[in-house]
Amino acid sequence: MIEKKVSQGIISTYFEKLERNLDLDVAIVGGGPSGIVAAYYLAKAGLKVAQFDRKLSPGGGMWGGAMMFNQIVVQEEAINIVKDFDINYKPYGDGLYVMDSVESTSALLYKAVHEGATIFNCYSVEDVVFKNNVVSGVVVNWTPVLREGLHVDPLNIMAKCVIDGTGHDSEMCKTVARKNGIRLATDTGAVIGERSLDVVAGEEEVVNGTKEIYPGLYVCGMAASAVSGTPRMGPIFGGMLMSGKKVAELIIEKLK
């Protein structure tokens, strides 16, 4: 019967996909634009990469632009990344370009998946695998399980590198520091917390703060600002894109 075939197709191919991703080169936590950009460049380099986002629709805040005006701004320094994703853009003066936020987010996701990255939505990462003082994977569960407070054990997925792309909350960095009593590569050894908005400094510092924050654990995007205590970024997305590309390059250099 066709009804049975439909269900069989979904179930069998989904679990094939999940099984293929139980042992990764890179696990990316969070579905924001910096993580998606990282997934694209990592997959393009031939690495096995999966991204885990707790939401139904990955893409973070990029979908809504600024205050639900679905346009975004990107500066000159990031325009080559925009070109890599074949996104339409228009110059707006002073080295700035404007783009449609829905097209931009869709393009990031489409290109990352078609380059070979796997994106799992509705997955929450509740912990990391911590072996021999190295972050060695992620611990995942269904988002609805955690939201409902159900006592359901998670699964672990091994990875050579983990990227914290969880945004303002920098969840993975906080978890690693809190649970394991270790010092992160910050001025205080802990997650400092982002400062108030500074559009120019925020764009620069999010890229500067993109790095390996602890062996096996990297940070990018707004999580990089939160961890290092640098200013919050404004409604410009170039820094996010450049941060994603930078973290990919760091990991490619390490693993290749």
I'd like to know if the side chain of [X] reaches the main chain of [Y], judged simply by a donor and an acceptor atom lying under 3.5 Å from each other, with no hydrogens or angles considered.
X	Y	answer
Q51	G30	yes
K111	F85	no
S170	A226	no
D198	P231	no
D169	E171	no
E126	P154	no
K256	A45	yes
D94	L96	no
T230	S228	no
W63	N70	no

Whether F120 and F52 hold their rings parallel, tilted or perpendicular, with breakpoints at 30° and 60°: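 Aromatic pair F120/F52 classed parallel.
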Dump the intermediate steps for side chain to side chain donor-acceptor pair (under 3.5 Å) on Y41 and D84, then the final yes or no. CA-CA 10 Å; Y41 287 110; D84 284 345; 2.6 Å; yes
Over 12 foreign heavy atoms within 6.0 Å of CD, E148: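 No, the 6.0 Å shell around CD holds no more than 12 heavy atoms from other groups.
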Please check if atom NZ in K131 has more than 12 non-hydrogen atoms from other residues, nucleotides or ligands closer than 6.0 Å. no
Apart from I251 itself, members of its ILVMFWY cluster (side-chain separation under 4.5 Å) are V26, I28, L42, L47, V49, I163, Y218, V247, L250, I252, L255
Common cluster, V128/W142, ILVMFWY with side-chain heavy-atom separation under 4.5 Å: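 As far as the 4.5 Å side-chain criterion goes, W142 and V128 are connected within one cluster.
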With sequence neighbours excluded, residues passing side chain to side chain donor-acceptor pair (under 3.5 Å) with [X]:
X	value
E76	Y97
K179	D127
K174	none

For the pair R195 and E205, find out whether any cationic side-chain nitrogen is under 4.0 Å from an anionic carboxylate oxygen.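 So R195 does not pair with E205 through a salt bridge.
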Any carboxylate oxygen within less than 4.0 angstrom of a Lys/Arg side-chain nitrogen, looking at D25 and K48?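 The answer is no: the pair does not qualify as a salt bridge.
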For Y110, what residues pass the ring pair (Phe, Tyr, Trp, His ring centres under 6.0 Å) criterion, not counting sequence neighbours?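 For Y110, the residues satisfying ring pair (Phe, Tyr, Trp, His ring centres under 6.0 Å) (neighbours in sequence not counted) are H114.
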Apply the side chain to side chain contact (heavy atoms under 4.5 Å, CB included) test between M172 and each candidate in V219, V135, V29, V227; give the one that qualifies.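 Of the listed options, the one satisfying the test is V29.
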Can you list everything that forms a side chain to side chain contact (heavy atoms under 4.5 Å, CB included) with N180? Sequence neighbours excluded, please. F130, V176, I182
